Protein chains: 2
Amino acid sequence: MTVTLADVAARARVSPATVSRVLNGNYPVAASTRERVLRAVDDLDYVLNGPASSLAAATSDLVGILVNDIADPFFGIMAGAAQTQIGGPGDGSGRAGGEKLAVICNTGGSPERELTYLTLLQRQRAAAVVLTGGAVESPAHQAAMSAKLTKLADAGTRIVFCGRPPLPEGDALVAALAFDNRGGGRRLTEHLISLGHRRIGYVAGPRERTTTRHRLEGHREALHAAGLADEPAGGESADNGGTGSGDQDRLTVHGPYDRRSGYEATLELLRRAPDVTAIVAANDTVALGACAAVRDQGMRIPQDISVAGFDDLPFSVDAVPALTTVRLPLFEAGARAGRLAMGKESPPPGGIATIAAELMIRGSTAAPRG
Amino acid sequence: MTVTLADVAARARVSPATVSRVLNGNYPVAASTRERVLRAVDDLDYVLNGPASSLAAATSDLVGILVNDIADPFFGIMAGAAQTQIGGPGDGSGRAGGEKLAVICNTGGSPERELTYLTLLQRQRAAAVVLTGGAVESPAHQAAMSAKLTKLADAGTRIVFCGRPPLPEGDALVAALAFDNRGGGRRLTEHLISLGHRRIGYVAGPRERTTTRHRLEGHREALHAAGLADEPAGGESADNGGTGSGDQDRLTVHGPYDRRSGYEATLELLRRAPDVTAIVAANDTVALGACAAVRDQGMRIPQDISVAGFDDLPFSVDAVPALTTVRLPLFEAGARAGRLAMGKESPPPGGIATIAAELMIRGSTAAPRG
DNA sequence: CTGTTAGCGCCTTCAT
DNA sequence: ATGAAGGCGCTAACAG
């Protein structure tokens, strides 16, 4: 029924081994023989049986890319960029040569699904796995991830983190590209402070996420440095929970990384502290929601209130006014992660590289009135 | 080194066959035996070897989702929705039971890569393939796709189209969910006409794409019906090429489905026909670029010029002014496609269902001045 | 450079 | 309800 490698061998009048060799190209074969085999392949419309091949070779050509929310361009851009480096150029024949199958797995931000996908990838004997975006910080999940990743690495799967810090007990088995979320967050708030803002609201992302925590830490660093933090209670290491310093907590609202959350959290913020003159959002999408809320309250941006985002997604420059934000080189980082996953590029020294975040000052922030 | 099914069998003091049966759950096994096997699996941290399993069973648990551009939320939303139906709920154990591995493949809009991915998926003996978004209409590519899909279907792979019309020679092997792009495009332009617009520019998507053509056809239908089309030259079937009716061609500019194209095409449009009072964009992303161009020319929206989009992506409501657009139920369609791919839902009668598009009238369109 | 020979780990009749 | 045995299609030593 389906044509196998043996059929091709028969038609080309060679042994199955020879066919395998020309197909994999990793072994010397006479040009004339190769020619004959290739023709037989085309004649028969032969397609390699992936599972059989993977079983025999004990590796597969699958590369997994895990993302928290594929509907969010933040992840879409990184994942797409990674795929460009993994999928191979394609020879236009649709025949599929040595390229890998780069596949994106959407965890929806759920730790369980993240683990499940890793198991599925492990089951497929994936060649590499790229993990993007912030990690959930619960100790239980971290331990489970660590164990799972160790097992994957032991089985020969290459592990790459992209836009996510390496695990605490991160063995040197992995390469990691971490965004400078803390530095970006700090510079953003410093910008606001330099403009004259003193009461700044913060619409944070979900709790227990590295990205959320680091951006918030950067924000508070700037606040502290400017002497704007009342009752500095917990210090850096305590502010991912609920018990930070009093005033800062009142000016911080957590929520998912989506537009709706930005809208609602901003309303809440404005209720709690009507005197805020600026709002920093966890990311650009949240900022868009924040802008809508501010407007719906009859206030103007930036005259009455400044709004800033994070990430510099493509739509941010088109917001009205254009969004002040922190640019993350998502495409470049994704592409680099893809190359790392393919072993095309050697890992950074120490296994971890920090990716700079650049402050983009635009129209949505200005000096407070008065 | 790696633990196999035989190891589990030994530890549970049963035969490999029994272990296989409890793992696949499709065969009666004594409760006590199952218990023992499951414990052995946990003790040994056993993970099924996917390739071996697929080889023996001649099917895999891979489901491919093809998208044109994963950085575009249009595709991200559909793909994410499809994955929710395919990935399985996950039991929280990270153990991975019977769920499929739903993977997203980013073609970048390239016909070659589309074919390559299909070959890769065929090689993996994918259980199903979901194709999203508009198809390229070149006859050569259509023929190649048709041949490839037929082969996939013959090999037992389920084929589902989502937001894309079925192939011309589409066998009943497939289920298709097609968006009513033509109807949506028509209603959008009718809305503009009813507002009083007479000279309407159109920033179209890339040529030779079904989505582009259908939306444009809808637009021109509305124009014709209102008697606004000068020199109706080619008629419906001719206007995807360069030789449509004269004036309509001058008012139409093609480009990619991105923000930049919207910006540049709009500038071009404004140069060609400074008297246009409205601009219809191929989609919301393009519309954002169009808005920026209009503003950079010192004109206001909608007072000086109306702008409309298509798709109703999440950010569209947050544009200023909010974008008039055509809403496509992307999430619902993606989820349905996922169910279809899993065989959880029976195909629509005739294999093809048309998904309605709803006109969303917002602030970016208004009557022309004067 | 090419053919031969064994498995890779699992599923699936066929027995029992 | 469980065990035994063969083979899925390919690759990877070994020979030659």
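Lettering follows sequence order; numbering is per chain, from 1. Here the structure is a predicted model, which is why all the values come from computation and not from measurement.
A:Q124 and B:D61 share a side-chain donor-acceptor pair at under 3.5 Å. A:Q122 and A:K148 share a donor-acceptor pair across their side chains, judged by distance under 3.5 Å alone. When only modelled atom types and interatomic distance are considered, B:T18 and B:S15 share a side-chain donor-acceptor pair under 3.5 Å.
Listed nucleotides D:dT11, C:dC10, D:dT2 differ in distance to B:N49; the shortest reach to its side chain belongs to C:dC10. Closest approach to the B:L55 side chain among D:dG3, C:dG9, D:dT11 is made by C:dG9 (side chain taken as heavy atoms from C-beta onward). The side chain of B:A57 sits closest to C:dC11 out of D:dT11, C:dC11, D:dA1. If you check C:dG9, D:dT2, C:dT2 against the side chain of B:A52, the one that comes closest is C:dG9. Residue B:T4 has its side chain nearest to C:dC10 when only C:dC10, C:dG3, C:dC11 are considered. Ranking C:dC1, C:dC8, D:dA1 by closeness to the B:A30 side chain, first place goes to D:dA1. For A:V29, counting side-chain heavy atoms from C-beta on, the closest listed nucleotide (C:dT2, D:dT11, D:dG9) is C:dT2. Comparing atom distances between the A:L48 side chain and each of C:dC8, D:dT11, D:dG7 picks out D:dT11 as nearest. Picking from D:dT2, D:dA12, C:dT12 the nucleotide with the shortest atom distance to the side chain of B:S20 gives C:dT12. Comparing D:dG3, D:dG9, D:dT11 by their closest approach to the side chain of B:V14 singles out D:dG3.
The nearest whole Å value for the distance from the CG atom in A:L5 to the C1' atom in C:dT2 is 14 Å. If you take CG of A:N24 and C1' of D:dA12, they are 11 Å apart, rounded to a whole angstrom. If you measure from atom CZ of B:R13 to atom P of D:dG3, you get 11 Å, rounded to the nearest angstrom. As a whole-Å value, the separation of A:N26 CG from C:dT2 P is 14 Å. Separating the CG atom of A:L23 from the P atom of D:dT11 is a distance of 7 Å, rounded to the nearest angstrom. Atom-to-atom, CD of B:Q124 to C1' of D:dG9 comes out at 14 Å; the value is rounded to the nearest Å.
No salt bridge links A:E137 with A:R164; every basic N to acidic carboxylate O contact stays at or beyond 4.0 Å.
Residue B:T18 places no side-chain N or O under 4.0 Å from the OP1 or OP2 atom of D:dA1. The phosphate of C:dG9 has neither OP1 nor OP2 within less than 4.0 Å of any side-chain N or O from B:S53. OP1 or OP2 of C:dT2 sits under 4.0 Å from a side-chain N or O of A:T33.
Residues A:A153 and A:I159 share a closest heavy-atom pair of CB-CG1, 4.4 Å.
A donor-acceptor contact under 3.5 Å is formed by the side chain of A:R21 with the base of C:dG3.
DNA chain D is contacted by both B:P28 and B:A56; B:P28 maps to the nucleotide lying nearer its 5′ end (nearest heavy atom per residue). Remark on DNA chain D: of its neighbouring residues A:V19 and B:S32, the 5'-side contact belongs to B:S32, judged by nearest-heavy-atom nucleotide. Positionally, the nearest nucleotide of DNA chain C for A:R36 lies more toward the 5' end than for the other of B:P51 and A:R36.
Residue-level contact check: A:S54 touches neither bases nor backbone, having no heavy atom under 4.0 Å from any strand.
Partner of B:P166 under the side chain to side chain contact (heavy atoms under 4.5 Å, CB included) criterion, out of B:L177, B:I352, B:L131: B:I352 alone.
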